[in-house]
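Some notes on the structure that comes next.
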2 protein chains.
Amino acid sequence: MSANSRLTIASHALAWIGLYQRQGHEVATSEQIASSANTNPVVIRRLLGDLRRAGLVESRRGVGAGWSLARELGSMTLLDVYEAVEPGPLFAMHRTTPDQECVVGHGIQPAMQRVYDGVEQTLRKELARVTLEDVLQDVLATPR
Amino acid sequence: MSANSRLTIASHALAWIGLYQRQGHEVATSEQIASSANTNPVVIRRLLGDLRRAGLVESRRGVGAGWSLARELGSMTLLDVYEAVEPGPLFAMHRTTPDQECVVGHGIQPAMQRVYDGVEQTLRKELARVTLEDVLQDVLATPR
DNA sequence: GTCGGTCGTAACAATTACTGTTGCGACAGC
DNA sequence: GCTGTCGCAACAGTAATTGTTACGACCGAC
């Protein structure tokens, strides 16, 4: 499918910030999170920027700068994260319009669109059932 | 997401062959299907090749060559097509292993994997509920 | 047995998306 | 002012998808 890792990395960042704050720290830096996720700080800043626009995190600038949660992890679901960082739909239509003179070419897009809409709805419901608190608890419960 | 159109085009091809056979023809050529889907015949042959490997269509070579259904449209679901033409998972993990010394870096992949597995299961169930016969009927019911 | 039409498949180009990287201005506390 | 971080633009590398060309394999018709 050529899947991307944005939902994974964004969830990683949120869990990391949440845990870090529980350990008494005010803000987390993109550099710290990038080190945990083994990627570049700019990648983290890009994703956290999306999450900030969605109201899930806040950023502070200046010297004591960094990121903090805007809400409790228990009130954020993976659907919130998904909608914040995933732009497009799951399945694509034809890249060029099919032959409208052909019965199939004419009716296939509405037909498939109905199916895809239903599938996306179901996927959203599934993602909405998992909070970031659930994820963090699951992370902490992983044996080492 | 960078979604692809394979499920769409493959379904288009199956619906087209099905309808064409109902009109009394034995086989459909990739050139005819490509014309309806407004793409290149090789693209169609590639996808139908996947469907053939999955046992959904058959191909005949030689002069009267072309493609025909291996089963009734009513016995094929979109899940069959999805599994035949979609190689990878929906969501990707980190491209590089996260920091295993970090609690989050260590536990995040198993935690997210569990979620993703559940989501894919649900998606499969949803796709399995729709047969290609349903799709064709929906196509034919589309007003022009 | 040759011919003609189609499949099967490899190879390559064009486009696009994703990720990583560099660079630098903006900001705010010291 | 100085310092550390964000914000953001720009670009490179990689990979996937799709389109295209090319050509051999196949097989029925003649």
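These numbers come from the heavy atoms of this one structure, side chains and all, not from hydrogens, waters or symmetry mates. Here is the naming used below: chain letters follow the sequence lines, and residue numbers restart at 1 for every chain.
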### Query
For B:Val42, which residues count as a side-chain contact (heavy atoms from CB on, under 4.5 Å) partner, sequence neighbours excluded?
B:Asn40, B:Arg45, B:Arg46

### B:Leu69 side chain reached by B:Leu56 side chain, heavy atoms, under 4.5 Å
no

### Query
Can you tell me how far P of C:dC18 sits from CG of A:Leu47, to the nearest Å?
11 Å

### Task
For D:dT5, take OP1 and OP2 only and decide whether either is under 4.0 Å from a side-chain N or O of A:Ser30.
no

### Message
I need the CH2-P distance between B:Trp67 and C:dC7, as an integer number of Å.
### Response
7 Å

### Message
Please determine whether a side-chain nitrogen or oxygen atom of B:Arg6 lies at a distance below 4.0 Å from atom OP1 or OP2 of D:dT18.
### Response
yes

### Query
Between B:Arg46 and B:Thr29, which has a closest nucleotide on DNA chain C that is more 5'?
B:Thr29

### Task
Would you kindly give the NE2-to-P distance between A:His94 and D:dG19, to the nearest whole Å?
10 Å

### Task
Would you mind telling me which residue lines up with the more 5' stretch of DNA chain D, B:Ile9 or A:Gly66, judged by nearest nucleotide?
A:Gly66

#### Entry: Distance-only polar pair, side chains of B:Thr8 and A:Tyr116, donor-acceptor under 3.5 Å
yes

### Residue B:Ala65, side-chain atoms from C-beta onward, closest of C:dT19, C:dT6, D:dG19
C:dT6

## Note on the structure
Letter by letter from the 5' end, nucleotides 22-30 of chain C scores (B base, S sugar-phosphate only, - none; protein heavy atoms under 4.0 Å) B--BBBBB-

#### Entry: Rounded distance in Å - CD1 (A:Ile44) to C1' (D:dC8)
16 Å

### Task
Respond yes when some side-chain nitrogen or oxygen of B:Thr39 is under 4.0 Å from OP1 or OP2 of D:dG19, and no when none is.
yes

### Message
Taking ring-ring contact (aromatic ring centres under 6.0 Å, His included) as the definition, give me every residue that meets it alongside B:His106, ordered by chain and number, with sequence neighbours left out.
### Response
none

### Task
Round to the nearest Å and state the distance from B:Asp50 atom CG to C:dC7 atom P.
15 Å

### Message
Could you check whether any side-chain heavy atom of B:Val135 comes within less than 4.5 Å of a side-chain heavy atom of A:Met112, counting everything from C-beta outward?
### Response
yes

### Task
Report the residue (B:Ala92 or B:Ala28) whose heavy-atom-nearest nucleotide on DNA chain C is the more 5′ of the two.
B:Ala28

### Query
How long is the line joining CD1 of A:Ile33 and C1' of D:dT5, in whole Å?
12 Å

#### Entry: B:Arg95 CZ - D:dA16 P separation (whole Å)
9 Å

### Check: A:Gln109 side chain, A:Gly107 main-chain N or O, donor-acceptor pair, under 3.5 Å
no

#### Entry: Whole angstrom value for the distance that separates C1' of C:dT9 from CZ of B:Arg52
11 Å

## Note on the structure
Tested for side chain to side chain donor-acceptor pair (under 3.5 Å) against B:Gln32, the lone hit among B:Trp16, B:Tyr20, B:Trp67 is B:Tyr20

